[in-house]
Student: 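A single structure is presented below for examination.
Residue numbers start from 1 in every chain, and the chains themselves are labelled A, B, ... in the order their sequence lines are given, proteins ahead of strands.
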Amino acid sequence: QKEVEQDPGPLSVPEGAIVSLNCTYSNSAFQYFMWYRQYSRKGPELLMYTYSSGNKEDGRFTAQVDKSSKYISLFIRDSQPSDSATYLCAMKKGTNAGKSTFGDGTTLTVKP
Amino acid sequence: DVKVTQSSRYLVKRTGEKVFLECVQDMDHENMFWYRQDPGLGLRLIYFSYDVKMKEKGDIPEGYSVSREKKERFSLILESASTSQTSMYLCATGRNSGNTIYFGEGSWLTVV
């Protein structure tokens with residue numbers, strides 16, 4: 001069983017919809033939680049970073065972590081066609097970002 | 001802005017060939033990483049380096065080796081390419097205590 005499971009998708013929504021992207025994990029030692037966005041034929045780029053449980057908001061994006069349930073989510077409000085990409089959750093135990101464990105990614109398409 | 005450059009974006013190689021993938025970063029980061037990304041398997045760490053001439057195996061090092069002779073440059077070597085190594089390869093860099101890693105744009109390798 002994988003340490004990190006991500007809702008597989010793909011997901012297709014109309015412009016303006018609220019999108020929820022989700023991951024579950026099994027290792028309670030994970031302390032840091034990240035969301036990366038990856039456009040087609042590009043490398044991933046960091047979108048949101050959260051330490052421990054709680055919510056973090058950045059514009060139209062909200063990252064939510066529930067450590068008791070081992071569940072993290074990324075919400076996108078007022079989704080735009082430019083949000084069409086693959087979203088990867090990632091998490092790590094310590095401070096070295098490169099030793100993150102990644103989910104498989106969810107591909108989102110926002111239709112105009 | 002951090003720049004991580006993977007010089008070869010698209011390569012086609014024959015089975016048994018030796019393949020070099022080069023990665024150069026301009027941010028003086030201590031850590032450099034090589035991942036491969038495959039549909040359904042997500043992002044998997046092959047090798048990483050935390051200093052010049054230092055390296056550690058990741059989750060899937062078999063069939064690969066690496067070289068880091070200078071801080072800014074990290075090479076991935078496929079000694080004898082096989083069709084199972086057809087994949088997208090991503091280089092990344094980060095600081096020792098950084099919360100994120102920065103990815104290159106990826107190298108698409110096809111082994112025929």
Student: Taking a hydrophobic cluster as the set of Ile, Leu, Val, Met, Phe, Trp and Tyr residues connected by side-chain heavy atoms closer than 4.5 Å, whether directly or through intermediates, do A:Val13 and A:Trp35 fall within one such cluster?
Tutor: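 Both belong to a single hydrophobic cluster.
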
Student: Nearest heavy-atom pair of B:Met88 and A:Lys42: which atoms, and what distance?
Tutor: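 Looks like CE-O, 3.8 Å.
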
Student: Which atoms of A:Gln6 come close to chain B, meaning under 4.5 Å heavy atom to heavy atom: side chain ones, backbone ones, both, or neither?
Tutor: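 For A:Gln6, no heavy atom lies under 4.5 Å from chain B.
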
Student: Answer with side chain, backbone, both or neither: which region of B:Tyr89 has an atom nearer than 4.5 Å to a non-hydrogen atom of chain A?
Tutor: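 Contact with chain A involves no heavy atom of B:Tyr89 at all.
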
Student: First locate atom CZ of B:Phe103, then atom CG of A:Leu46, and finally report the distance between them rounded to the nearest 0.5 Å.
Tutor: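 It comes to 9.5 Å.
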
Student: For A:Tyr39 and B:Glu105: C-alpha separation, side-chain torsions, deciding distance, then whether side chain to side chain contact (heavy atoms under 4.5 Å, CB included) applies.
Tutor: CA-CA 10 Å; A:Tyr39 290 115; B:Glu105 294 210 316; over 6 Å; no

Student: More than 12 non-hydrogen atoms from neighbouring residues, nucleotides or ligands closer than 6.0 Å to NZ on B:Lys71, yes or no?
Tutor: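 More than 12 heavy atoms, drawn from other residues, nucleotides or ligands, come within 6.0 Å of this atom.
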
Student: Given heavy-atom pairs under 4.5 angstrom as the criterion, report whether the side chain, backbone, both or neither of B:Glu56 touches chain A.
Tutor: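 Only the side chain of B:Glu56 comes within 4.5 Å of chain A.
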
Student: So B:Leu45 and A:Ser100, do their side chains get closer than 4.5 Å, heavy atoms only?
Tutor: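 A side-chain contact is absent here, since even the closest heavy-atom pair is not under 4.5 Å.
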
Student: To check you understand the geometry: which heavy-atom pair defines the closest contact between B:Leu41 and A:Asp104, and what is its length?
Tutor: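 Looking at all heavy atoms of both residues, the closest pair is C-OD1, 3.5 Å.
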
Student: Is it true that A:Val65 and A:Leu47 fall in one hydrophobic cluster, defined by side-chain heavy atoms closer than 4.5 Å?
Tutor: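 They do share one cluster, since a chain of ILVMFWY contacts under 4.5 Å joins A:Val65 to A:Leu47.
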
Student: For B:Gln6, which atoms come within 4.5 Å of any heavy atom of chain A: side chain, backbone, both, or neither?
Tutor: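 B:Gln6 has no heavy atom closer than 4.5 Å to chain A.
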
Student: Considering only heavy atoms from C-beta outward, does the side chain of A:Tyr36 approach that of B:Thr100 to under 4.5 Å?
Tutor: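 Yes, side chains in contact.
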
Student: Do A:Thr101 and B:Arg44 have side chains that approach each other closer than 4.5 Å (heavy atoms only, starting at C-beta)?
Tutor: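 A:Thr101 vs B:Arg44: side chains apart.
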
Student: Kindly work out whether a path of hydrophobic side-chain contacts (I/L/V/M/F/W/Y, heavy atoms less than 4.5 Å apart) joins B:Val4 to B:Leu109.
Tutor: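 Different clusters.
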
Student: Does atom NZ of B:Lys57 have more than 12 heavy-atom neighbours, drawn from other residues, nucleotides or ligands, at distances under 6.0 Å?
Tutor: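 No, because the 6.0 Å sphere around NZ of B:Lys57 holds 12 heavy atoms or fewer from other groups.
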
Student: Would a single hydrophobic cluster contain both B:Leu43 and B:Trp108, if residues Ile, Leu, Val, Met, Phe, Trp and Tyr are joined by side-chain heavy-atom contacts under 4.5 Å?
Tutor: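 Linked within one cluster.
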
Student: Give a yes or no on whether A:Tyr87 and A:Met34 share a hydrophobic cluster (residues Ile, Leu, Val, Met, Phe, Trp, Tyr; joining criterion: side-chain heavy atoms under 4.5 Å apart).
Tutor: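 In one cluster: no.
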
